[in-house]
Amino acid sequence: MPQYAVLIYTDDSAHALDASDEHLAEPNAHGDELAQSGALRAAYAFTPRALARSIRVGGVSDGPFVDSAQVVAGVYVIEADDEDAALAIAATNPAIRGAGGVEVRLIHSGT
């Protein structure tokens, strides 16, 4: 079955190192729903942009690689019959409300 990466774009990650269970209730509930559906294969929440470090030819700098209003706050991998099914699953992500969104990409290769 094809696998798709769902990249989560938001103003910043909700997963601060000191985030409370209450603060993480919505994203964690979404992850639990995906796991229960059987579609979820892996999920990774990133820490806020202030903790990001970027590496370029000139060295290491503080912050995300791209300076924009939204950052990649996390990524998860799902299995779906086809792209339409993957888009339907990704459309349930709470990040699509407000200024955030998700990007769905077919995974070409990997282990």
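These numbers were taken from a predicted model, which means no experiment stands behind them.
Side-chain contact check for Ile107 versus Glu79: every heavy-atom pair is 4.5 Å or farther apart. Between Leu87 and Tyr4 the shortest side-chain heavy-atom distance does not fall below 4.5 Å. In this structure, the side chains of Asp11 and Gln70 come closer than 4.5 Å at one or more pairs of heavy atoms.
One hydrophobic cluster, built from ILVMFWY side chains closer than 4.5 Å, cannot hold both Val71 and Leu7; they sit in different ones. Hydrophobic cluster membership differs between Val77 and Leu34, with clusters built from Ile, Leu, Val, Met, Phe, Trp and Tyr side chains linked at under 4.5 angstrom. By the criterion of side-chain heavy atoms lying less than 4.5 angstrom apart, applied directly or through intervening Ile, Leu, Val, Met, Phe, Trp or Tyr residues, Leu40 is not grouped with Tyr44; the two fall into different hydrophobic clusters. Taken together through direct or relayed side-chain contacts under 4.5 Å among Ile, Leu, Val, Met, Phe, Trp and Tyr, Ile78 and Leu106 form part of one hydrophobic cluster.
For the pair Ala90 and Val102, the tightest heavy-atom approach, listed with the atom from each and the gap, is O-CG2, 3.9 Å. Closest heavy-atom contact between Ala14 and Ala19: O-CB, 3.6 Å. In plain terms, the two heavy atoms of Pro94 and His30 that are nearest each other are CD-CG, 3.5 Å. Across Thr10 and Asp12, no two heavy atoms sit closer than the pair OG1-O, 2.7 Å. Scanning all heavy atoms of the two residues, the minimum distance from Val72 to Phe46 falls at O-CD1, 3.4 Å.
In this structure, Ser54 contributes its side chain and Gly63 its backbone to a donor-acceptor pair below 3.5 Å.
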Derivation of the side-chain contact (heavy atoms from CB on, under 4.5 Å) call for Leu17 and Leu51: CA-CA 10 Å; Leu17 297 176; Leu51 298 175; 4.0 Å; yes
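Annotation: the span from Ile89 atom CD1 to Asp84 atom CG amounts to 11.0 Å, rounded to 0.5 Å. Once rounded to the nearest 0.5 Å, the distance linking CG of Asp67 with CZ of Arg49 reads 7.0 Å. Separating the CD1 atom in Ile8 from the CG atom in Asn93 is a distance of 4.5 Å, to the nearest 0.5 Å. Taken to the nearest 0.5 Å, the CZ atom of Arg53 stands 4.0 Å off from the CG atom of Asp62. Interatomic distance, Asp21 CG to His23 NE2, rounded to the nearest 0.5 Å: 11.5 Å.
Annotation: Glu83, atom CD; neighbour count of heavy atoms from other residues, nucleotides and ligands within 6.0 Å does not exceed 12.
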